[in-house]
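Reviewing the structure listed below.
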Amino acid sequence: MGALLALLDPVQPTRAPDCGGILTPLGLSYLAEVSKPHAEVVLRQDLMAQRASDLFLGSMEPSRNRITSVKVADLWLSVIPEAGLRLGIEVELRVAPLHAVPMPVRISIRADLHVDMGPDGNLQLLTSACRPTVQAQSTREAESKSSRSILDKVVDVDKLCLDVSKLLLFPNEQLMSLTALFPVTPNCQLQYLPLAAPVFSKQGIALSLQTTFQVAGAVVPVPVSPVPFSMPELASTSTSHLILALSEHFYTSLYFTLERAGAFNMTIPSMLTTATLAQKITQVGSLYHEDLPITLSAALRSSPRVVLEEGRAALKLFLTVHIGAGSPDFQSFLSVSADVTAGLQLSVSDTRMMISTAVIEDAELSLAASNVGLVRAALLEELFLAPVCQQVPAWMDDVLREGVHLPHLSHFTYTDISVVVHKDYVLVPCKLKLRSTMA
């Protein structure tokens, strides 16, 4: 019975975060600032399309009042620790009764928002409570009393709060874009998945993510991290809008997936020929009666590993390099184990992490198999170390030439970016910028 149940309910992959981000209070203020024009468009479309009396249910002559202008004077967002957000909108209207001077009206909307995780795994911003108030801004006492008699009537809260729900459509579209499938190479993709709703605190809004990798549409089961990752504590004086954190396990999983995709199966050209190599390894001459170019074919013999230390990132590669000749029928006569440590340079362009191999910090060659007798390690390094150290970084850089998409919302880019390497994780403090196409 246990075996049958196991077949019916297959084991799910381990869910553990390997990256995440914190939206700071400054970032939240920026999002509120760039949301004002969008909020004004939504409110103007709804309010000016109806008679002003639609807001005041007790009006006896609904057709005699109309709204002539709508302006969002202020829009702000603040964190409610351990709960969600509070949205505040101040709207200035001008209501023009028939044959009368337009009356200035101010609508104040307060709404409590929270974030849930939907059944599809996407985050959703929802309204918990909505409290609109309407106030006349007349300066004359008689006009003030007349206006107040209208405004004291029952307000159609549903219509005003419905506008708040409409305002959340765009943020929710952006939250859905967070979980999009991003290409890394033509047959390799990655996807960031929230593990739970974000945590709200005075520090900001923290979200933990798990990265899943795919090769040719199939999810790659990456090794489980031996050390659980959690978002690091941040300085309260940060001037950034957003701070991304990427664990050492994230980078190792990336290279693990690229290995599974065959991206690191390399062909390395060499200046050697069978004739010149025979001068150093005499038995090569007995294998080839004509002078042929020597080719090095390299592949990873075990999974690569990224090491993050304070101020330094390095990639450790464990290669098997097959040395031979012949094209297209390549025949290897010598195999060498190459352990290479390459320093990594990390930078960010737009919303992509650019990873380049700065320099080979260490390389060691040893004989793995030979059809041409015993070859000393010193001779192997003399003959083959230079092409390995020159070509392997170039190959790696070409594989990741398009960069790696960072977690981001589709209509925002990153500016004022720093990349800070710490032990076991990388921090990317940055500011948000609404793309010009959406401004």
Side-chain angles (χ1 to χ4, degrees), residues 184-185 248 251-252 254-281 284 292-309 311-327 330-347 353-372 374-404 419 421:
V184 180
T185 65
E248 185 178 90
Y251 290 98
T252 294
L254 170 66
Y255 281 97
F256 176 89
T257 303
L258 292 171
E259 175 210 353
R260 291 295 184 269
F264 297 145
N265 295 334
M266 309 172 225
T267 299
I268 301 174
S270 169
M271 300 296 293
L272 296 169
T273 66
T274 53
T276 57
L277 189 58
Q279 297 174 14
K280 298 287 187 177
I281 306 173
V284 172
L292 299 173
I294 294 294
T295 301
L296 283 63
S297 176
L300 292 169
R301 69 177 188 273
S302 63
S303 298
R305 187 164 65 91
V306 173
V307 178
L308 301 178
E309 299 172 349
R312 173 180 174 269
L315 172 65
K316 291 184 177 294
L317 297 171
F318 310 98
L319 300 164
T320 296
V321 182
H322 301 287
I323 299 153
S327 177
F330 174 79
Q331 291 184 340
S332 169
F333 54 81
L334 192 64
S335 295
V336 174
S337 295
D339 294 347
V340 177
T341 300
L344 296 178
Q345 284 187 339
L346 307 178
S347 61
M353 172 72 73
M354 310 305 294
I355 305 174
S356 61
T357 307
V359 64
I360 298 296
E361 298 177 351
D362 185 43
E364 182 179 335
L365 302 185
S366 60
L367 185 63
S370 173
N371 293 333
V372 290
L374 182 65
V375 183
R376 293 177 293 106
L379 182 56
L380 291 175
E381 292 187 359
E382 176 189 337
L383 295 171
F384 307 117
L385 185 60
V388 168
C389 289
Q390 291 170 6
Q391 296 299 321
V392 168
W395 188 284
M396 295 293 201
D397 290 350
D398 186 62
V399 168
L400 290 175
R401 64 186 179 277
E402 298 295 331
V404 179
V419 178
V421 181

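Starting from 1, each residue takes its place in the sequence as its number. As a basis for the values below, the full set of heavy atoms in this structure was taken, side chains included, without hydrogen atoms, waters or symmetry mates.
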Checklist line | Over 12 non-hydrogen atoms of neighbours within 6.0 angstrom of CD in Gln331 | finding: no
Do you know which two heavy atoms are closest between [X] and [Y], and how far apart they sit?
| X | Y | result |
| --- | --- | --- |
| Ser347 | Val419 | CA-CG2, 4.0 Å |
| Met354 | Glu402 | CE-C, 4.1 Å |
| Pro387 | Ile268 | O-CG2, 3.8 Å |
| Asn265 | Ala299 | OD1-CB, 3.6 Å |
| Leu383 | Lys280 | CD2-CG, 3.9 Å |
| Ser302 | Phe318 | OG-CB, 3.3 Å |

Do side-chain atoms of [X] reach the backbone of [Y] as a donor and acceptor pair under 3.5 angstrom?
| X | Y | value |
| --- | --- | --- |
| Thr295 | Gly324 | no |
| Thr274 | Leu292 | yes |
| Glu248 | Leu308 | yes |

Quick one: [atom1] on [X] to [atom2] on [Y], what's the gap to the nearest 0.5 Å?
| X | Y | atom1 | atom2 | result |
| --- | --- | --- | --- | --- |
| Arg305 | Leu317 | CZ | CG | 11.5 Å |
| Ser366 | Arg376 | OG | CZ | 15.0 Å |
| Gln390 | Ile360 | CD | CD1 | 10.0 Å |
| Ser297 | Leu319 | OG | CG | 10.5 Å |
| Leu379 | Leu385 | CG | CG | 12.0 Å |

Next item on the list: Please determine which of Thr357, Leu344, Asp398 meets the side chain to side chain contact (heavy atoms under 4.5 Å, CB included) test together with Pro393.
Entry: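 Result: among Thr357, Leu344, Asp398, Thr357 is the only option passing the side chain to side chain contact (heavy atoms under 4.5 Å, CB included) with Pro393.
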Next item on the list: Only one of Leu277, Val375, Leu296 passes side chain to side chain contact (heavy atoms under 4.5 Å, CB included) with Leu334; say which it is.
Entry: Val375
Item checked: Heavy-atom side-chain proximity of Val399 to Tyr255 below 4.5 angstrom ->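 No. Closest side-chain heavy atoms not under 4.5 Å.
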Notebook entry, point to check: Does the pair Val336 and Val388 meet the rule for a side chain to side chain contact (heavy atoms under 4.5 Å, CB included), with working shown?
Noted result: CA-CA 11 Å; Val336 174; Val388 168; over 6 Å; no
Next item on the list: Start with the C-alpha gap between Thr267 and Phe330, add the side-chain angles, then the distance that decides, and say whether side chain to side chain contact (heavy atoms under 4.5 Å, CB included) holds.
Entry: CA-CA 11 Å; Thr267 299; Phe330 174 79; over 6 Å; no
Checklist line | Ser303 side chain to Glu259 side chain, donor-acceptor N/O pair below 3.5 angstrom | finding: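 Result is yes, a qualifying pair exists.
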Next item on the list: Could you walk me through whether Leu365 and Glu382 pass side chain to side chain contact (heavy atoms under 4.5 Å, CB included), step by step?
Entry: CA-CA 10 Å; Leu365 302 185; Glu382 176 189 337; over 6 Å; no
Notebook entry, point to check: What residues form a side chain to side chain contact (heavy atoms under 4.5 Å, CB included) with Thr276, not counting sequence neighbours?
Noted result: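 Leu272, Thr273.
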Notebook entry, point to check: Under 4.0 Å between a Lys/Arg side-chain N and an Asp/Glu carboxylate O for Lys316 and Asp362?
Noted result: no
Next item on the list: Before giving the answer on side chain to side chain contact (heavy atoms under 4.5 Å, CB included), spell out for Ile355 and Leu346 the whole-Å C-alpha distance, their side-chain angles and the decisive distance to 0.1 Å.
Entry: CA-CA 5 Å; Ile355 305 174; Leu346 307 178; 3.9 Å; yes
